[in-house]
Number of protein chains: 2
Amino acid sequence: MPSDQTRTAILAAAERLYADRGFGDVTLRDIVAEANVNLAAVNYHFGSKDELIAELFVTRSIQLNRERLRLLQAAEEAGGERASIDAILRALVGPTLRGCLGPENQRSTAARFMIRVSIESVPPIRRIRNREIDHLRKFIAAMRRSLPGHSDVELYWGLHFALAMAQQTVRDSERLTKLSEGKCDVDDVEGIIERVVSVAAMALTTGDAASKAPARMLARDAR
Amino acid sequence: MPSDQTRTAILAAAERLYADRGFGDVTLRDIVAEANVNLAAVNYHFGSKDELIAELFVTRSIQLNRERLRLLQAAEEAGGERASIDAILRALVGPTLRGCLGPENQRSTAARFMIRVSIESVPPIRRIRNREIDHLRKFIAAMRRSLPGHSDVELYWGLHFALAMAQQTVRDSERLTKLSEGKCDVDDVEGIIERVVSVAAMALTTGDAASKAPARMLARDAR
DNA sequence: GATAGTTTCATACAAATGTTTGAAATGCCT
DNA sequence: AGGCATTTCAAACATTTGTATGAAACTATC
């Protein structure tokens, strides 16, 4: 049975360095120096640099998805197979925001790594990302149960916008802070979650789903 | 007076290649081959690879910002110094979405380049991005005039979310298409603009601004 | 305690990349 | 045409990068 010591050290060092400095300018040599292992160890244990990155991302993605599904399941059980749309959206965006926002000095390495992922999006990660769709479908299914009568298209857009707001807040919290001169408190994680959930839920539940967009189109002004 | 021919050819070739293949795997040699100029021409005319990228991005950003401000100004003039919040948001997200969505084969190179920018975000571009804040402040000012009585914090969040939805739609339209199995028509650009504007405006105008978030916090369920 | 399989190590390799150089070519003004 | 500045060019440079190699060290099993 392999001791796994070297492997683990590489993973930890790589995640930390990628989180701090981005994928662009962290080399295998940086990683092995940080991990105090030999250069060849990376290729021995992972095959290639890309597979190392992929393994890091897959591990964290699985954790994130598991946490999301745990919250979703809890919400559905509490509501008797039919969770409120708010609870569903909270299960979707909560884990990401809770992990990636909040006081900088207390964010985990894992969280900072995932922030990097959302900012830089390097090829080996993009390839894996496409498998996320099956996971999202489970949330669509829950939303369908929660909001019967809504067209699927509306549900897709609602989920898309919810993720958009969460992702962009993670990615660009710094810009929001600067723009608002600190008036938007990006450390108030729970407040932000409620904000995102509130807007997304409003988008999903307000107005007649089918006629909303066309009606607005008539009202648009010049050009 | 320099003929500018080489310079222009480099810019055009670089933009096309970056748009098609991303910043990661386009080298100076690829660019000069595409432009039919000598390798040293890039450093002669631009100083470095990063400055070439920066110039491309600055040019397109200026165009985008100009277009946004043009629409904003038109909306304010039409409404007598006070544009509707919808019109303001449309001026903000319209140009980006109009440029970067729609049938793939008819997107301009410039648009596809800006999509790349929003996906990959390479260092020389990140540095420039921070200057965008002054530009966004003009929209905050217009929103303040349009919605007097709203707290600035709400305006910042509204603008942030509007940009988030637009950006993510540009960045990830492919995933949305796959997730919805084509049911979300990402080629209906004007429809998407109205959708984004509608949700963002709703977020800004619904409920009492100050008490909205706290009220929702009380209603949140377990964990 | 010998042996087979696993892991570590120093080093080399090969390829790619941005940048520099100095000479040749070109264009421009008097 | 001559002389000066700008531009182009081929070639070389200096790194940096991920990966491969083969021997040494280690571990566990019989």
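Below, chains carry the letters A, B, ... as their sequence lines are ordered, and counting in each starts from 1.
- To the nearest angstrom, P of D/dT8 lies 8 Å from CD1 of B/I10.
- The nearest whole Å value for the distance from the CD1 atom in A/I53 to the C1' atom in D/dG18 is 12 Å.
- Donor-acceptor pairing under 3.5 Å is lacking for the side chains of B/T6 and B/H45.
- Taking atom CZ on A/R7 and atom P on C/dT7, their separation rounds to 10 Å, with Å as the unit.
- Note: CG (B/N36) to C1' (D/dT7) measures 17 Å, nearest angstrom.
- Distance A/D30 CG to D/dT16 P: 11 Å, rounded to the nearest Å.
- Computed from coordinates, the B/I31 CD1 to C/dT17 P distance equals 11 Å when rounded to whole Å.
- Nearer to the 5' terminus of DNA chain C, by closest-nucleotide assignment, is the contact made by A/Y44 (compared with the other of A/R29 and A/Y44).
- Checking the phosphate oxygens (OP1, OP2) of C/dT6, no side-chain nitrogen or oxygen of A/H45 falls inside 4.0 Å.
- Both A/G47 and A/T27 lie close to DNA chain D; mapped to their nearest nucleotides by heavy-atom distance, the more 5′-ward contact belongs to A/T27.
- Aromatic ring centres of B/Y156 and B/F139 lie farther apart than the 6.0 Å criterion allows.
- Judged by distance alone, the side chains of B/Q63 and B/R60 do bring a donor and an acceptor atom under 3.5 Å apart.
- Taking only side-chain nitrogens and oxygens, B/N43 never comes nearer than 4.0 Å to OP1 or OP2 of C/dG18.
- Note on B/N38: a side-chain N or O is less than 4.0 Å away from OP1 or OP2 of D/dA10.
- Atom CD in B/Q5 sits roughly 10 Å away from atom P in C/dG27 (whole-Å rounding).
- The closest side-chain donor-acceptor pair between A/R16 and A/T109, if any, does not fall under 3.5 angstrom.
- Side-chain polar atoms of A/T177 and A/E174 form no donor-acceptor pair below 3.5 angstrom.
- If A/L28 and B/A40 are placed on DNA chain D by their nearest nucleotide, the residue sitting closer to the 5' end is B/A40.
- Between the CG atom of B/L39 and the P atom of C/dT17 there is a distance of 11 Å, rounded to whole Å.
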